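The structure under discussion appears below in the form of structure tokens.
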Amino acid sequence: MSSVSYIDNIFYLTTKSLSYIFGINQNKKLYHLYFGDKILEKKNISPAVNADYLGYYNNSKIFLPEIVIYDGDEIFENTVKFSFQSGDRIVEYQFDKYEISETENYTLLKIFLKDTLYNLTLILNYKIYFDYDIISRYIEIINSTNDNFIKIENFFSGVLSFPVRNMFVGYLHGKWGHEANLIIEKINYGEKVIQSRTGNSSHFFNPSFFLSDTASPNEDNSSIFFGQIFWNGNWKFVFEKRFYDIITVTGGINNFDTEIHLNPSDKFCTPEFIFGYSDKGLGKMSRTLHDFYRDIIFPVNQQSIVRPIVYNNWEACMFDFDERKLRKLAETAGNIGIELFVLDDGWFGNRNDDTSSLGDWFVNKKRFPSGLKKLISYVKNKGMKFGLWIEPEMINPDSELYKNHSDWCYNFENRERTLMRNQLVLNLTKQEVNEYIKSVLKNIVMNYDVDYIKWDMNRNLSRLGADNLDDAYKKEVWIKHTEAVYELLKYVRSLKPDILIEGCSGGGGRFNGGILRFVDQIWTSDNTDAEARQFIQYGISLFYPAVTISSHVSDSPNGLTGNNINLEFRFNTSMAANFGIEANIDNWNKENIDFAKKKILEYKNIRDIIFYGDMYRINSPYSNDVISVIYVNKTKTNAVLFLFQLNPGDTDRIKIVKLKGLDEKKYYKVNGEKKSGESLMKSGIQVKLQKKYDSRVIIINSL
Ligand code: GLA
């Protein structure tokens, strides 16, 4: 069944449970009609708002836009804006034709637009993922002129229009060590912007949002629209309440310090703006996105693999380690059931702290006098895989590489190079730089035979001067850098298709759908305090599946926050996501080691449900109640419930938690008792979590 019909100048896009409808008017312009619950009828769709209401512009303008291309009159946000060599800055587009094609996962609708004056082709693309209830939009722009040089000043991926007066927007805001705090606010007159200007998707905002008609949308019933930009560089969402009470959301690559130039026959393609609708609250929104990531976005060969349990030495060692110390850690890691041992920062060059050696990706001889391969074999002989940390885009001025190639980093001539964490950024648009990084990656992946790399990025992009680019293309450098990162990640996967890649940028600075096409999981935050992680992981879980959310048990008191939290709470917090350990396990006493062994075994039995099941949030960390989340496998036969108490001395003692997502008709075993799914969901279970940092993992199996 096709997900697109075209009847009487109206396009009907349909998925399993949503409809998205727009039309072409007598002037051959596109206007938006409807987005929301599925409408089966393909006729009598009345325009949500009548354009005649609008006195402005002699009624000739579109009230609810499907696309806004700057035409010289527009006073609101432009999706696309051009300027031509002639000085003309107007496009008067017209619908030309459309094409529909089918692929395995989606129907692709292409709408071709042309300008009345210049030979310019704009293709609005809609991918309709019927089974996943997701539509994605992106735009291709082709300069089909013979001699005209075209500049693009706005190059968003699309706009969504809503004929409503009031809406609330939810988004994630944060900073280093404190990512993904949920903010919900009313969209008021004017523009509300969330964006990144740091060259990664950033710690400050995540390229994701939801819209709701209430300030407190719930998990199960609220109507929710949502969207994301799949882009690992500078992005921007503009939420605009226009003066005559409609709301638009324009999203795509940020035009901050960026312009695109098209020579004759050049083409530019925006990244995808994916969006969907949930009639069952934030819960269904998350489950829709989780399925979409796992089944469609992840690298194909990685979609359902069991992610190994990682031990990472960073928090245990920082820069203080040698081969002997690592062997001991690896031995303990192997004993407690760890499956992959990761050597983090400090294994290369002369790196003893964060002031030197980025770029010198050869083994640090002081730490490994007889090379790294001995440690790798040791780890592999213990039955574990081996992983390495690398930060390929970066260079320290104190490095061999910089001595030889100080011209390899972004800079503006005669200007100071600004350092962050003592490092500069390599100009990936230079071919020789690219080739160097490729050779480094090849050596690591093939020669050292690593099974995993942690790809880090510990500073912003800034002062992005690239003397190798022609003048006209200099301001495309932000985009070219992101594309180069994608290409390098693809290259790594081409060398070893089943390699596991963990994305990272000082923690969660690069958590986005663009990078998740190439990496398998993401180091969510440098903050491993389990209380802080409750909030961070909750925020991220709104938009991304648990399998992407790397979460490691660290020592207590926490190195960053000083907070003291019991080991069980720390384990359970990480087990509710993609679990690993980075504590100094060699300092653990027998009791802790035995506890770790038991929990790792437990995790191995439940991780499939967490990675590939459905997530139902019951109480959020913002709720002031016992935090509860349940993962249920797709056949509803097995589930795992996590409970966390953050409130001190809750004297209620006994709590009732009503479960979600089970099969009403099935019977389950919970805490040794037999109970129906119906009773577990309607009357709930009693739990006692009296003290701050009490926590439980309750496994629920059908009978
Ligand atoms: C970043 C990462 C950490 C660790 C350090 C190493 O901050 O987020 O996990 O790898 O770099 O320098």
Side-chain angles (χ1 to χ4, degrees), residues 174-180 198-204 206 232 310-321 325-326 329 340-361 364 367 386-396 398-399 419-425 444 450 452-461 485 500-512 515 519-530 532-533 536-537 540 548-555 558-561 574 577-584:
K175 57 187 174 189
W176 175 77
H178 201 55
E179 298 87 343
T198 51
N200 51 5
S201 52
S202 101
H203 295 85
F204 307 125
N206 192 273
N232 187 47
V310 165
Y311 177 82
N312 178 306
N313 78 314
W314 175 245
E315 284 211 19
C317 304
M318 301 269 168
F319 291 106
D320 179 18
F321 63 87
K325 189 166 176 180
L326 294 174
L329 281 170
L340 196 153
F341 185 87
V342 179
L343 173 52
D344 208 279
D345 196 352
W347 60 267
F348 51 91
N350 293 314
R351 189 144 165 109
N352 297 314
D353 53 34
D354 66 13
T355 60
S356 85
S357 302
L358 291 174
D360 297 346
W361 301 109
N364 184 320
R367 297 192 203 273
F386 184 82
L388 262 190
W389 177 95
I390 181 168
E391 201 180 350
E393 295 150 79
M394 299 295 161
I395 181 166
N396 284 119
D398 181 6
S399 66
L419 296 168
M420 291 184 212
R421 209 196 191 207
N422 311 302
Q423 63 201 56
L424 297 165
V425 186
I444 288 176
V450 306
Y452 159 114
I453 56 172
K454 176 172 168 189
W455 183 300
D456 211 339
M457 182 221 193
N458 277 314
R459 65 157 288 168
N460 295 356
L461 306 192
V485 171
L500 202 76
I501 308 178
E502 178 150 308
C504 179
S505 179
R510 262 184 177 174
F511 219 124
N512 63 78
I515 201 98
V519 309
D520 305 283
Q521 54 198 52
I522 293 175
W523 180 234
T524 317
S525 176
D526 280 345
N527 188 343
T528 53
D529 174 326
R533 275 295 184 122
I536 295 169
Q537 291 174 193
I540 293 290
T548 61
I549 304 176
S550 253
S551 181
H552 295 173
V553 174
S554 59
D555 279 313
N558 185 273
L560 187 72
T561 65
S574 292
N578 192 331
F579 167 82
I581 298 184
E582 36 190 288
N584 191 346

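Atoms within a ligand are numbered from 1 in the order they appear, just like the ligands themselves. This structure is a prediction, so every number in the text was calculated from the model and none was measured.
Contacts of Asp344 classified as salt bridge (charged side-chain N to carboxylate O under 4.0 Å, His left out), with partners at least two apart in sequence or in another chain: Lys454.
Contact annotation: the side chain of Arg351 approaches that of Leu358 to within less than 4.5 Å [non-hydrogen atoms, C-beta and beyond]. Side-chain contact between Asp353 and Asn422: absent, with no pair of heavy atoms (C-beta onward) separated by less than 4.5 Å.
The ring of Tyr452 has its center no closer than 6.0 angstrom to the ring center of Trp389.
Using modelled atom types and a 3.5 Å distance limit, the side chains of Asp398 and Asn396 yield no donor-acceptor pair. Between Asn512 and Asn232, the side chains place a donor N or O and an acceptor N or O closer than 3.5 Å (distance only, hydrogens not considered).
Protein neighbours of ligand 1 below 4.0 Å, counting non-hydrogen atoms: Trp314, Asp344, Asp345, Trp389, Arg421, Lys454, Asp456, Asn458, Cys504, Gly506, Gly507, Trp523, Asp526.
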